[in-house]
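Residue numbers start at 1 and run along the sequence shown. As the structure lists them, so they are numbered: ligands from 1, and atoms in each ligand from 1.
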Amino acid sequence: MTDMTLRRYLTASEQPANLIFLLEDIASACRVIATLVREGAFAGNLGSAGAVNVQGETQKTLDILANDAFERICSNSPRLAALVSEEVEEVTWLKEPEAGDYLLYFDPLDGSSNLDVNLSVGSIFAVMQVEKDGDRNVLHAGRRQLCAGYALYGPSTMLVLTDGTEVSGFTCQHGTGDFLLTHPKMQVPEETSEFAINTSRYRHWDASIRRYVDECVAGEEGPRGRSFNMRWTASMVAEIHRILTRGGVFLYPADRENRKAGGKLRLMYEANPMAMIIEQAGGAATTGLAPILDIAPTGPHQRVPVILGSKAEVARLIAYHETEKA
Ligand code: AHG
Ligand code: MN
Ligand code: MN
C-alpha cells in the first residue's frame, strides 16, 4: 500500500505554496461531492433542481450542490482570483486580479444524466494564471493551463492530476479520506481497439467520422483488419479514465445538428483540461482540424468538437478530416 498522500506528492513537486493550497481545496471539494453523490437518494440529492443553466440544460440538484462545494471551499484559497463554472453564466471574481493570481475553471459534475441511474459521474478542473495586474481576461488558450485534473466518482473515488510534467492518479481511501498515489505516471496505451462515440447521432455525422466508425465496425473484413470494441458511458470523466487506463479514442465531434453551437462539450472546463491530461499521458487531442489546446477562446462557455485518446487513432481521424476538407 502506498503512503504517498496528495499533500506529500504536491509538496515534493515544489509547486508554489498557494497553488498547493488551491489544489488541496479542489481535492476537498471533490471529497465533499463524492459524499453527496454516494448518499444519493438518502439525502434527497437526486432529481432536477427545476432550474436551467447557461447551456439551456436542466440542472440537477447535485449540479448545484457540487458547484456550491467548489465555490465555498475554493473561495478561501489565497490568490484565487476567479471562478469559471459550467453552472454559472458570468465569471465570479473573488478579488482584484494581480499578476500570478490563479483562475479556476471547472465542471462541478460531469455526466449528470448518470446520477438518477447510479452510474459514474465526475468533476473536471483546470488552473491558469492572471497575466498582469488588473487583467480580467479569463479567455486563455488551454496551453496556458498550469494544472488540470478530474475526480471520478465510481466504485472508488479517484483524483487524476497533471501539473504539466506527468499524470498521477490518486485513490480516495475509505475512512481516512486521504487521496493516495495509486497510479503514478499514467500513460495512454498506444495500441488500441476501442472507440467511444454516441452512435445514435450517426445520421448527423460528417463523412470523416462515418468513415472512421464504419471501418472500426467492419472488423477483420474491413480496412483495419481487426475487430474493435465500443463503449459509451455518457460521462466524459469515465471515458477519459478508461482511455488513460487501457487506451482508446473518445469522440464528440461537430455534426450537422450541433455545428451551429460549436459542438457539444465545453472548451474551458471539459475539453481543455482533458486535452492537457491526455497530451501529458502521451496521447493527442484535436477538434479534427486543430489541437484543442491551441484554440483561442471566444467565451467562457464556448463549445468545441473533441477527439482525443491514443495518438495513432487521433492521427488517423485528423487525416480523414483533411481528406474530407480537400
Ligand atoms: P454535463 O453532465 O456536464 O452536462 O456533461 C455531459 C457530457 C459528457 O460528460 C458526456 O460525454 C456527454 O455530455 C454525453 O452526451 P450524450 O448525452 O450525447 O450521450
Ligand atoms: Mn460536463
Ligand atoms: Mn456538468
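For ligand 1, the polar-atom distance check against Asp110 finds a nitrogen or oxygen pair separated by under 3.5 Å. Checked by distance only, ligand 1 and Ser113 stay at 3.5 Å or farther apart across all their nitrogen or oxygen atoms. Between Leu265 and ligand 1, no pair of N/O atoms sits closer than 3.5 Å. By the 3.5 Å distance cut-off applied to N or O atoms, Ser235 is not counted among the residues near ligand 1. At a 3.5 angstrom cut-off on N or O pairs, Phe250 does not count as close to ligand 1.
For the pair Leu180 and Asp3, the minimum side-chain heavy-atom distance is 4.5 Å or more.
Within a 6.0 Å sphere centred on NZ of Lys95, heavy atoms belonging to other residues, nucleotides or ligands number more than 12.
Note that the CG atom of Leu6 and the OG1 atom of Thr171 stand 11.5 Å from one another [nearest 0.5 Å].
Geometry note: the Mn ion (ligand 3) is the vertex, Asp107 OD1 and Leu109 O are the arms, and the angle is 90° (rounded to 10 degrees).
For Thr323 (side chain) and Ala319 (main-chain N/O), a donor-acceptor pair under 3.5 Å exists by modelled atom type. Panel note: side chain Glu324, backbone Ser208; a donor-acceptor pair is recorded below 3.5 Å. No donor-acceptor pair closer than 3.5 Å links the side chain of Glu131 to the backbone N or O of Ala99. Not a single donor-acceptor pair under 3.5 Å links the side chain of Asp206 to the backbone N or O of Asp255.
Ranking protein heavy atoms by distance to atom 4 (O) of ligand 1, first place goes to Arg266 NH2, 3.2 Å. Annotation: atom 18 (O) of ligand 1 to nearest protein heavy atom, Tyr252 OH, 2.5 Å. Of the protein's non-hydrogen atoms, Trp232 NE1, 2.9 Å is the one closest to atom 19 (O) of ligand 1.
Minimum-distance N/O/S atom of Glu270 relative to the Mn ion (ligand 2): OE2. Looking only at its N/O/S atoms, Asp110 has OD1 as the one nearest to the Mn ion (ligand 2).
Proximity of Glu86 to ligand 1, defined as any heavy-atom pair under 4.0 Å, is confined to the side chain (atoms from C-beta onward).
Interface atoms of ligand 1 facing Asp107, defined by a heavy-atom separation under 4.0 Å, are 3 (O). Annotation for ligand 1: atoms under 4.0 Å from non-hydrogen atoms of Asn198 are 16 (P), 18 (O), 19 (O). Within ligand 1, counting atoms from 1 as listed, the ones closer than 4.0 Å to a heavy atom of Met236 are 8 (C), 9 (O), 10 (C), 11 (O). Taking every non-hydrogen atom of Gly111 and a distance limit under 4.0 Å, the qualifying atoms of ligand 1 come out as 1 (P), 2 (O), 3 (O), 5 (O), 6 (C), 9 (O). Listed by number with element, the atoms of ligand 1 under 4.0 angstrom from any heavy atom of Ser112 are 2 (O).
Remark: distances from the non-hydrogen atoms of Asn114 to ligand 1 are all 4.0 Å or more.
For His301 and Tyr269, the distance between ring centers is under 6.0 angstrom. Checked against a 6.0 Å centroid threshold, the rings of Trp232 and Phe250 count as neighbours.
Cation-pi check for Arg136 over Trp93 is met; the charged atom lies under 6.0 angstrom from the ring centroid and within 45 degrees of its normal.
Ion pairing between Glu313 and Arg224 holds under the 4.0 Å rule for side-chain N and carboxylate O.
Relative to atom 15 (O) of ligand 1, the option among Lys264, Met274, Glu270 with the closest non-hydrogen atom is Lys264.
When all heavy atoms are compared, the tightest approach of His140 to Gln129 is NE2-O, 4.1 Å.
Distances from the Mn ion (ligand 3) show that Glu86 has an N/O/S atom below 2.8 Å.
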